[in-house]
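Heads up: the structure comes next, in structure tokens.
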Protein chains: 2
Amino acid sequence: MVDAAARLTVRQGIDEWTIRALAQELGVAQAVIYHHVGGRSQIVRAVVERVVAQIPLPAPDLQWREWFGTFLTDVRRVALHYPGVARHLVILGPVAGAGRIIGPGIDVLLEAGFADEAVTIYNYLSNTALSLIAVEDERNKDQEGRLERAREIVDLAHGVDGGLSTMKDWLEVRAENIDQLRASDAYFYRYCVERCLDAAKARLGVVRRRTSRMTESP
Amino acid sequence: MVDAAARLTVRQGIDEWTIRALAQELGVAQAVIYHHVGGRSQIVRAVVERVVAQIPLPAPDLQWREWFGTFLTDVRRVALHYPGVARHLVILGPVAGAGRIIGPGIDVLLEAGFADEAVTIYNYLSNTALSLIAVEDERNKDQEGRLERAREIVDLAHGVDGGLSTMKDWLEVRAENIDQLRASDAYFYRYCVERCLDAAKARLGVVRRRTSRMTESP
DNA sequence: ACCTGAACACCGTTCAAGT
DNA sequence: ACCTGAACACCGTTCAAGT
């Protein structure tokens, strides 16, 4: 049953299939689904948990930056395969089965010396990444419209100068075709992840200074 | 007409009111809306543009970090007043009227020396902030359920140790009541914004070193 | 040109009736 | 206990008919 829902999600996205379509995929009446799993939100939750279980865990001996670098790359790859799941996951928060990931993730940060900020940093990294993927999912739903809107803006900004013209030039190359746009999305995600890791690194310096000052003072 | 839609959005959230409710608010038949504005997506877009027009612009003489610090605080305050708008805004990308903000925003970054990375940094900051607000909006829709889920996780993680227990302790204090949860959200947003600005600062160092190296070499 | 009422094609959910 | 068919209360959108 969750199998079928996951299959439909891969094909159409989790918010696109209907209870009726799911029932048809299973060859049963709609009411059967309510009898066995409950309403739509419960099936969605089950699919989300199944996707989470599919995210590979980086080797525990990696340095924290490599650990999260590979982890967040894998999260995007798996999540984009199930459109719309990232959004439900980040809204639901820690679902059943997420402990498999959260535990090792925070361990790596504690090991690196993030101390009492480990949980906040973990939330910062995972929330930011999942939110960005959720937005990418929704943008992918209407790629033609997105191209069209980008071109409208470019036309509208014709002849302006200053910072806005810089944005216009930036948009113009990316609005050329859909492949360009998707490549730009992938690059942008990578860029954001690297920036988040930069920020975490800066924070690590602060925490370490604070800790050493505390052990120094009598 | 957009007035009425904005009013309903403040009260219920942009994805909660229906065309029927909007028609009733205006005292007309539903078809009138289609005749004047077009479908639901066009009204949503008009509301989004109206909300964007309402975001105050920081003083242009502020340092880049203060400029974006106050800007992103104002964005959250205005956006939370119109639940669901942040999500539509970040998905639509630069809507009509956003130039009023984008221009000065990139100008501040160019002035600070971000050079060819100014646009990417602008996108990084605004996308991250809006994505996080969009998630907060959706979490606010079901606060009771969120509390309940958090408590379930806490119970489920009873007796574990390692990184997961740290997350459990963190969740436990926040899952006490709804006010605590909302305060935690506000703090978390602030924290994420500061981290993004840290990351931008680190990037500024890289860009400056690259630029000075280029002007040095003959 | 503008507005109405009614319809169309959906949707999630429920429930009496069957086996 | 499990499944069916039909209904209920919605939804966005369309369209002939009125003024």
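The figures here come from the full heavy-atom set of this structure, side chains too, leaving out hydrogens, waters and symmetry mates. Predicted model only: the values in this text are computed from it and were never measured. Chain A is the first sequence line, chain B the second, and so forth, proteins listed ahead of strands; every chain is numbered from 1.
Per the geometry, CD1 belonging to I33(B) stands 14 Å off C1' belonging to dC2(C), to the nearest Å. Distance CG (L26(B)) to C1' (dC3(C)): 13 Å, rounded to an integer number of Å. Note: OH (Y34(B)) to P (dC8(C)) measures 17 Å, nearest angstrom. For the pair Q24(A) CD and dC10(C) C1', the interatomic distance rounds to 14 Å; values are reported in whole Å. Atom CG of L22(A) is separated from atom C1' of dC11(C) by 14 Å (rounded to the nearest Å).
You'll find that the side chain of H36(A) is closest to dC3(D), out of dC11(D), dT13(C), dC3(D). In the set dC15(C), dC11(D), dG12(C), the nucleotide with an atom closest to the side chain of R40(A) is dG12(C). Listed nucleotides dG12(D), dT4(D), dC2(C) differ in distance to V32(A); the shortest reach to its side chain belongs to dT4(D). For A29(B), whose side chain is taken as the heavy atoms from C-beta onward, the closest listed nucleotide among dT13(D), dT4(C), dG12(C) is dT4(C).
Side-chain atoms of Q30(B) stay outside donor-acceptor range of the base of dT4(C), with no qualifying N/O pair under 3.5 Å.
Mapping A31(A) and I19(A) onto DNA chain C via the closest heavy atom, the residue that lands nearer the 5' end is I19(A). Summary of the strand contacts: H35(A) and R20(A) both lie near DNA chain D, and taking for each the nucleotide with the nearest heavy atom, the more 5' one is attributed to H35(A).
Residues D198(B) and R65(B) are paired through a salt bridge, judged by an N-O separation under 4.0 Å between the basic side chain and the carboxylate. Salt-bridge annotation for E25(B) and R11(B): present, with a side-chain N of the basic residue lying under 4.0 Å from a carboxylate O of the acidic one. Using a 4.0 Å cut-off between charged nitrogen and carboxylate oxygen, R139(B) and E136(B) do not count as a salt-bridge pair.
A donor-acceptor pair under 3.5 Å is formed between the side chain of D137(B) and the backbone N or O of G84(B).
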